[in-house]
Q: 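What follows is a structure written as structure tokens; I'll ask about it next.
Predicted model only: the values in this text are computed from it and were never measured.
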Amino acid sequence: MKKHHFRIGLIAMIPVVMFSCKKDGENTNISKPLTIIGQSISDTILPMKDASGNSIPLKGTMLAGKTYHIMSDVTINAGDTVYLQPGVKVLIHGDGLSPATSPAFYVNGTLVSAGSKEAQNWFTVYETASVPKSNSTYKDDVVNDPAYKGYWGGFQCGPTADLLLLRWTHVEYTGGPWGNNAADFGFAPGDARNAVYMNRAAGFSKLILEDSWFFGSKDDCIGKCQNTYVSIMRNTFNKLGGTGGEGVNLKNHVFGDMAYNLTYGIATNGLKTAGATGVNTLVNIYNNTLVNCGFRQTKATRNGSINTETNTGGFIYNNIIVNCKQGLRISYQSEKGKPSDTLNTSYGHNLTCIGRGTQMGGDAQQYMIFIEPNQFTLKQPGDLNGYTNGPIAANGTNAGTNNPNDSLKYDPMFMNYDVAKNSIGKEYRNSVIPAGADFHLKTGSPAIGAGVYKGGAGANAMPTKPSATLLTQYGFPMNVLPVTGSEFDPTITGPNKDMGAFPTDGTGNQHTY
């Protein structure tokens, strides 16, 4: 029998000669030997069929410079690997109208998309007159914007999945409906499928998302992952969730790091962890930048930036939150009525700026606030926001107050993004990242030098919490995904002395807009 676990040493990786391929009118130079795992996948119409017309499970290497067309569901068997060289485009022929016409990748083994900055990979819908793509004219139009149509079914990683690694890869237009197999993944027929879902039956799957773009989803993008080690680093999440849904929503028994991500125009939270009672989930959330999140979600007890819920914790530091429905929430009562793991949570040095702290009108009369009262969240030393801590109730919640006069006091001073201008009228609901936006920090920004980091002293020292056994065990950042020198390892960027995803030293998020 084949082993279920991915063993790099048992897979032949064959160097291929260097070449230059022309694509979309530009020359793409691949300057290093490319990897091949198994056999090359030369057929470009997938999945291939057997003599009876049944789909053949996919394995092997998709080749640089090629465009592959996905016509129906693709299955990767346990123990098998699909590897994408840099510069691969995968076009999914889907319309989101039914499970049968919304193809998905069912990953029971390993899928690695090894894009590069110079030769990025794509998983996107095949555009037709009846399946249009989104554009910048759709600013706040859930009904008509193709970004929320859910044309295809994403990556559904089953009980034997070992690794999903997406590096310098675009993933667009996910959310096609579940069919009769929904219950096998914990969903109901008709539910929107997540762009990425993982739930290993025994042990842990590995989810590594690096330097990638996630655009357009019907509900959660990275959704309801369980029994997973994660490293979610330096990505852009944009236009995710129609009337609800998170950019990232990690569930039971998940451990790892989320850092240097830009989340922009997400229906509910940009980043969320929400476990189950009696099941630990610990995820460090640091140096992220979150903008215009939370305003398409009108249900009560739903947050709009970073949220921790049932029995989840981690180190939460150095984040910048701008023009979101509200800032960081360490939940006392979420929708499910379950509290966060406050013992194994440490947070501070987060900047929250709201362009307007007054009633905005329309759409359930939304506000922006720094911190939601009557949750566990306190304004911490090193935080930059206009919240005043109140008395602590017997249940540990904080009845503080928000000062709307402080709304623009904590402007992070982005290089090319006007916080005040983008809060006027209903611009805070605009989910389009402006062309040329630059979320690096200008000289004089209060976020420069305000973070915690390795080697920092005094207020900038790395936090510790000796009473928190899990925080002490797993660390900041974590080591759940070991680094061995393989291209299948994560590339983890530690916390920076500056806040946000785009620090002044040029490390962190490398995307331009």
Q: What are the two closest non-hydrogen atoms of T174 and A195, and how far apart are they?
A: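 Answer, listing the atom of T174 first, then A195: OG1-CB, 3.3 Å.
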Q: Check the pair Q326, T352 against side chain to side chain contact (heavy atoms under 4.5 Å, CB included), reporting the backbone distance first and the verdict last.
A: CA-CA 8 Å; Q326 56 195 29; T352 305; over 6 Å; no
Q: Can you tell me which residue among F215, Y148, W152 is in a ring pair (Phe, Tyr, Trp, His ring centres under 6.0 Å) with Y173?
A: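 The option that passes is F215.
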Q: Give the C-alpha distance, both sets of side-chain angles, the deciding distance and a yes or no for salt bridge (charged side-chain N to carboxylate O under 4.0 Å, His left out) between K426 and D140.
A: CA-CA 9 Å; K426 289 193 176 181; D140 179 30; over 6 Å; no
Q: Taking the ring centre of each residue, are H253 and F255 less than 6.0 Å apart?
A: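 Yes; F255 has its ring centre under 6.0 Å from that of H253.
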Q: Would you check, one step at a time, whether the test side chain to side chain contact (heavy atoms under 4.5 Å, CB included) holds for M478 with L282?
A: CA-CA 10 Å; M478 294 191 189; L282 198 74; 3.8 Å; yes
Q: Using ring-ring contact (aromatic ring centres under 6.0 Å, His included), reason through Y264 and F237 one step at a time and then give a plain yes or no.
A: CA-CA 6 Å; Y264 194 106; F237 297 93; over 10 Å; no
Q: Does CG in N135 sit with more than 12 non-hydrogen atoms of other residues, nucleotides or ligands closer than 6.0 Å?
A: yes
Q: Salt bridge check: are K272 and E309 linked by an N-O gap of less than 4.0 Å?
A: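 Yes, this pair counts.
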Q: Establish, from distance only, whether the side-chain atoms of H170 and Q120 form a donor-acceptor pair under 3.5 Å.
A: yes
Q: With a 6.0 Å cut-off on ring centres, are Y286 and F476 close enough?
A: yes
Q: Please say which of F214, Y197, F185, F123 ends up in a ring pair (Phe, Tyr, Trp, His ring centres under 6.0 Å) with F155.
A: F123
Q: Relative to the ring of F315, is the ring of Y317 parallel (under 30°), tilted (30 to 60°) or perpendicular (over 60°)?
A: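 It falls in the tilted class, 30° to 60°.
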Q: Could you walk me through whether E210 and R234 pass the salt bridge (charged side-chain N to carboxylate O under 4.0 Å, His left out) check?
A: CA-CA 6 Å; E210 293 184 350; R234 305 176 301 276; 3.7 Å; yes
Q: Quick one: do K117 and D211 make a salt bridge, cutoff under 4.0 Å?
A: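 The answer is no: the pair does not qualify as a salt bridge.
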Q: Go through the side-chain N and O atoms of T484 and D489 and say whether any donor and acceptor fall under 3.5 Å apart.
A: yes
